Amino acid sequence: MSRRKYPQNNWRAGMQFGVQYTLLLLSFVVIASGFESAGIWLALALVTGSATVAAMYAAAHETLHRTAFRSQRFNRVVYFLATMTILYIPTGHRHFHLAHHRFTRDPYKDPEIAFGGEPTGSMFTYALWLSGLSLLGFKVCTLFRAAFGRSQANWESFFYYVPVGDRGHVRREACAILAIHGSLLAAAVLWAPSLLGIFAAQIGGHALISWVTAGDHNGLESTGGHRDTRTIKASALTNFIFWNMPYHAEHHAYPGIPFYHLPRAHRDGLLSAPHVAASYPSFHADVVEHIKGGAPYAQSS
């Protein structure tokens, strides 16, 4: 894979993040100023807030790999802003995700699998995941365990992917995130109920994140290469919100390709016979059919 063919571009990534982060802040301002009143602007702000919360997940994903911007300083700043917004511990999530890339679908070493990433045969569990509530619950649990879990067993079992030297960073970052979001929640409950709308947008955003990420690996075996990852044909809007993350097989095979070149990489045919789903609705419908048939979803090679 040639870096000259897929070069990094500060301007392209900066425009993507600048537009989405500005929309995120504007939507939060509108929500906070009028959650108790009805109106089209409030509804639009809730939808925009949910979409841009989801976009922060994609921004964090791309800058974690440090490929979105040519400038590594820009990658670090955007990664920090995005992760803090969506309740990810910056240092902890970096180690979590890189372990997922190194050991994709390995039930013992991939933390996504170790913490419940196996295909489910329960309609209730699948619906709960798609609601975004299980993802939010996992994040909150992670934050509290990182901030207040002092035992060696806590770090060696729950945070086994974090090197010993980075545990202090993870603890401090978790405390900072809890302080920021906890203060916002306290202010909403005690003084300004309209701020609760921001948490509604967080739930909506995490539902969108769950809807998209469920298709990344669900039902695929750990076979190495790109065969344990799926690309899904998505709309232009979905690809914009999620920084082309639906081209996930290409990303896993070539994580050094910036997100804005992934559609080109797909057209170039860099991968031999990748798993491709026609759309997100068709993928989820297929999963539901399997669950109704009494078995977890499993796609044949």
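The first residue of the sequence shown is numbered 1, and numbering continues consecutively from there. Remember, predicted model here, so these are calculated numbers, not experimental data.
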Worksheet item: With a 4.5 Å heavy-atom cut-off, do I232 and H248 have their side chains touching?
Response: no

Item to complete: Using only heavy-atom distances, determine whether the side chains of R70 and N10 contain a donor-acceptor pair under 3.5 Å.
Response: no

Worksheet item: What orientation do Y79 and H93 show, parallel under 30°, tilted 30 to 60°, or perpendicular over 60°?
Response: parallel

Worksheet entry | Set of side chain to side chain contact (heavy atoms under 4.5 Å, CB included) partners for P296, sequence neighbours left out | P119

Worksheet item: If you take all heavy atoms of A68 and A13, which pair is closest and at what distance?
Response: O-CB, 3.2 Å

Item to complete: Could you go through the side-chain contact (heavy atoms from CB on, under 4.5 Å) check for M245 and F259 one step at a time?
Response: CA-CA 7 Å; M245 281 184 63; F259 73 94; over 6 Å; no

Worksheet item: Between T231 and E250, is any side-chain donor less than 3.5 angstrom from a side-chain acceptor?
Response: yes

Worksheet item: If we only count heavy atoms from C-beta on, is the L185 to L196 side-chain gap below 4.5 Å?
Response: yes

Discussion item. Is there a side-chain contact between F159 and H95 in this structure, where contact means two heavy atoms from C-beta onward sitting under 4.5 Å apart?
Written reply: no

Discussion item. So which atom in A179 and which in S183 form the shortest heavy-atom distance, rounded to 0.1 Å?
Written reply: O-OG, 2.6 Å

Worksheet item: Taking C-beta and beyond as the side chain, do D268 and H266 meet within less than 4.5 Å on heavy atoms?
Response: no

Fill in: Heavy-atom closest contact (I177 atom, P90 atom, distance)
CD1-CD, 4.1 Å

Worksheet entry | Donor-acceptor pair between K5 and H261 side chains, under 3.5 angstrom | no

Worksheet entry | Ring-face cation of R12 near Y260 (centre distance under 6.0 Å, axis angle within 45°) | no

Item to complete: Scan side-chain atoms only and decide if Q20 and T52 contain a donor-acceptor pair under the 3.5 Å cut-off.
Response: no

Worksheet item: Do L44 and V30 come within less than 4.5 Å of each other through their side chains, counting heavy atoms only?
Response: no

Worksheet item: Backbone N or O of G215 within a donor-acceptor pair of the R230 side chain at under 3.5 Å?
Response: yes

Discussion item. Within the structure provided, determine whether Y88 and Y57 are in side-chain contact (heavy-atom separation under 4.5 Å).
Written reply: yes

Worksheet item: Take atom CZ in F74; do more than 12 heavy atoms of anything else shown fall under 6.0 Å from it?
Response: no

Response to the item:
Scanning both residues in full, the closest heavy-atom pair of A60 with T83 reads CB-CG2, 3.8 Å

Worksheet item: Any donor and acceptor pair, going by atom type alone, linking the side chain of N154 with main-chain N or O of R145 inside 3.5 Å?
Response: yes

Worksheet item: Given side chains that start at C-beta, do those of H97 and H65 come closer than 4.5 Å, heavy atoms only?
Response: yes

Worksheet entry | Heavy-atom neighbours of K233 NZ exceed 12 at 6.0 Å | no

Discussion item. List the residues meeting side chain to side chain donor-acceptor pair (under 3.5 Å) with H100, not counting sequence neighbours, and say none if there are none.
Written reply: D110, H217, H252

Item to complete: Looking only at non-hydrogen atoms, find the nearest pair between L143 and I89 and report the distance.
Response: CD2-CG1, 3.6 Å

Item to complete: Could you tell me whether M15 atom CE has more than 12 heavy atoms of other residues or ligands within 6.0 Å of it?
Response: no

Discussion item. Applying side chain to side chain contact (heavy atoms under 4.5 Å, CB included), can you list everything that pairs with A127, at least two apart in sequence or on another chain?
Written reply: none

Worksheet item: Parallel, tilted or perpendicular: which fits the ring planes of F138 and F96, with parallel below 30° and perpendicular above 60°?
Response: tilted

Discussion item. Are the side chains of K139 and L135 in contact, using a 4.5 Å heavy-atom criterion?
Written reply: yes

Response to the item:
So CD of Q202 and CG of L136: to nearest 0.5 Å the spacing works out to 6.5 Å

Discussion item. Can you tell me how the ring of H101 sits relative to the ring of H61, calling it parallel under 30°, perpendicular over 60° and tilted otherwise?
Written reply: tilted

Item to complete: Mind telling me whether Y126 and H284 have parallel, tilted or perpendicular rings, with 30° and 60° as the class edges?
Response: tilted

Worksheet item: Taking all atoms of both residues into account, what is the closest heavy-atom pair of L178 and A147, and its distance?
Response: CD1-CB, 3.8 Å

